[in-house]
Amino acid sequence: MKLATWNVNSIRARAEHVARWLEAEAPDLLLLQEIKCEAAAFPAERFAGLGYRAEVVGQKSYNGVAILSRPPVVVRARALPGLAEGAEQARYLEVAADRLVVGNLYAPNGNSGGEAGFAYKLAWLEALAARAAALLAEDVPFVLAGDYNICPAEADLAAGALGPEDALVRPESRSAFRRLLWLGLTDAVRALHPGGRVFTFWDYQARAFERDLGLRIDHALLSPAAAEALRAARPDREERAREQPSDHVPVVVELAL
DNA sequence: ATGCCGGGTCCTACCCGA
């Protein structure tokens, strides 16, 4: 099982990049975030021509997640259970692909909207932890992958790339990430690259990529059974050097399932 | 200290991203 997660910063702006990448990498599943459109505007036909089905949880202008798959999948959830009514945004899609459960997530950034915006980020991450606990209780192998909008540790950002008050590095955000690890989940990329700079995002501004002022914020967390099957995990850094790229690159995970 | 890019939309100045 080869799966990948990629915040594409608008699927309509990035459809040809995604199509080319699917042909080159041939993943079984591709988890997309920030598609920035409703389901009706998602270019599903472009990917159907390559043999990929699309499940889409869309929203106008902001957010939006989708899963492209070669094998058929069964949708298990189109939102994260447990969030307050009226707080729904298109940020979660969970499917079953054979016996593996895959949750595709786009966590709130938390830097806009003042303290209320940050509180929403923490509430969302709390609901994600509850979902992880429920999946562990279900005793199915699973992957929760996507844009967590958290640099888990100091090694996960270039020096000076963000201030200490940034929502991506605030202690409360990091604590929410550690809580997922303490439940028993494995950070796939960090498990296989314990010391390396394995950034997944570089800002468009100030020549951040050329200066390698990156962040590691896109993660794949694995259940214990999935972690036993982990064979490879890496960001595809080369994508960031292309013309009109997303500011995030794909993160690829291979499991011997 | 500010804006630096780049996507979106009420089409055009502004919101959001991280």
Side-chain angles (χ1 to χ4, degrees), chain A residues 5-19 31-43 46 56-66 87-92 104-122 124-125 128 145-177 189 197-219 235 237 239-251:
Chain A
T5 174
W6 195 1
N7 179 324
V8 290
N9 186 19
S10 169
I11 190 59
R12 288 174 290 175
R14 229 67 66 192
E16 291 311 309
H17 279 325
V18 171
L31 284 48
L32 301 170
Q33 302 91 37
E34 275 208 276
I35 63 171
K36 290 187 170 179
C37 65
E38 294 176 319
F42 186 90
R46 182 69 182 88
V56 180
V57 174
Q59 178 183 332
K60 195 168 187 173
S61 304
Y62 302 116
N63 312 315
V65 291
E88 302 90 353
Q89 297 178 0
R91 294 182 179 275
Y92 189 76
N104 176 18
L105 64 106
Y106 176 48
N109 174 300
N111 277 312
S112 65
E115 281 306 304
F118 188 62
Y120 178 67
K121 175 177 194 166
L122 296 182
W124 198 94
L125 291 167
L128 180 65
D147 180 356
Y148 280 74
N149 269 318
I150 301 170
C151 299
E154 285 305 290
D156 296 315
L157 72 161
L162 297 173
E165 298 302 317
D166 195 285
L168 279 64
V169 298
R170 275 176 66 166
E172 301 96 319
S173 302
R174 288 178 164 171
S175 177
F177 191 84
V189 169
R197 281 158 75 97
V198 273
F199 298 146
T200 67
F201 167 93
W202 294 262
D203 200 286
Y204 288 120
Q205 303 182 69
R207 297 172 46 82
F209 183 61
E210 291 79 356
R211 300 158 65 201
D212 200 24
L213 292 180
L215 312 175
R216 192 174 77 95
I217 53 177
D218 301 275
H219 310 295
R237 183 186 176 101
E239 273 310 300
R240 187 63 178 80
R242 294 187 178 273
E243 292 294 313
Q244 296 186 293
S246 171
D247 39 6
H248 299 247
V249 296
V251 175

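Convention: sequence-line order gives letters A, B, ...; per-chain numbering from 1. Just the heavy atoms: all of them, side chains too, but no hydrogens, waters or symmetry mates, feed the values below.
Scanning for side chain to side chain contact (heavy atoms under 4.5 Å, CB included) contacts around A:A13 gives A:S10, with sequence neighbours left out. Partners of A:A41 according to the side chain to side chain contact (heavy atoms under 4.5 Å, CB included) rule, which considers only residues two or more places apart in sequence or in another chain, are A:R12, A:C37. Under the rule for a side chain to side chain contact (heavy atoms under 4.5 Å, CB included), the partners of A:D166 that lie at least two apart in sequence or sit in another chain are A:N111, A:L162, A:L168, A:V169. A:R174 meets the salt bridge (charged side-chain N to carboxylate O under 4.0 Å, His left out) test with A:E154; sequence neighbours excluded. Take A:F118 and apply the ring-ring contact (aromatic ring centres under 6.0 Å, His included) test, not counting sequence neighbours, and it matches no residue.
When the P atom is used for both B:dC16 and B:dC10, the distance is 14 Å, rounded to whole Å. To the nearest whole angstrom, the two P atoms, one in B:dG6 and one in B:dC11, are 24 Å apart. Comparing the P positions of B:dC14 and B:dA1 gives a spacing of 23 Å, expressed to the nearest Å. Across B:dT12 and B:dG7, the matching C1' atoms stand 15 Å from one another, rounded to whole Å. Spacing of P atoms, B:dT2 relative to B:dA13, comes out at 23 Å, to the nearest Å.
Note: CD1 (A:I11) to P (B:dG8) measures 11 Å, nearest angstrom. Rounded to an integer number of Å, the gap from NE2 of A:H17 to C1' of B:dG6 is 13 Å.
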Notebook entry, point to check: What string of B, S and - do you get for nucleotides 10-18 of chain B, 5' to 3', when a contact is any protein heavy atom under 4.0 Å?
Noted result: S----BSBB
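Across all strands shown, A:R14 has heavy atoms under 4.0 Å from sugar-phosphate atoms exclusively, and none from any base.
At least one side-chain nitrogen or oxygen of A:R12 sits closer than 4.0 Å to the OP1 or OP2 atom of B:dT9.
A salt bridge is defined here as a Lys NZ or Arg NE, NH1 or NH2 lying under 4.0 Å from an Asp or Glu carboxylate O, and A:K121 with A:E172 fails to meet this definition.
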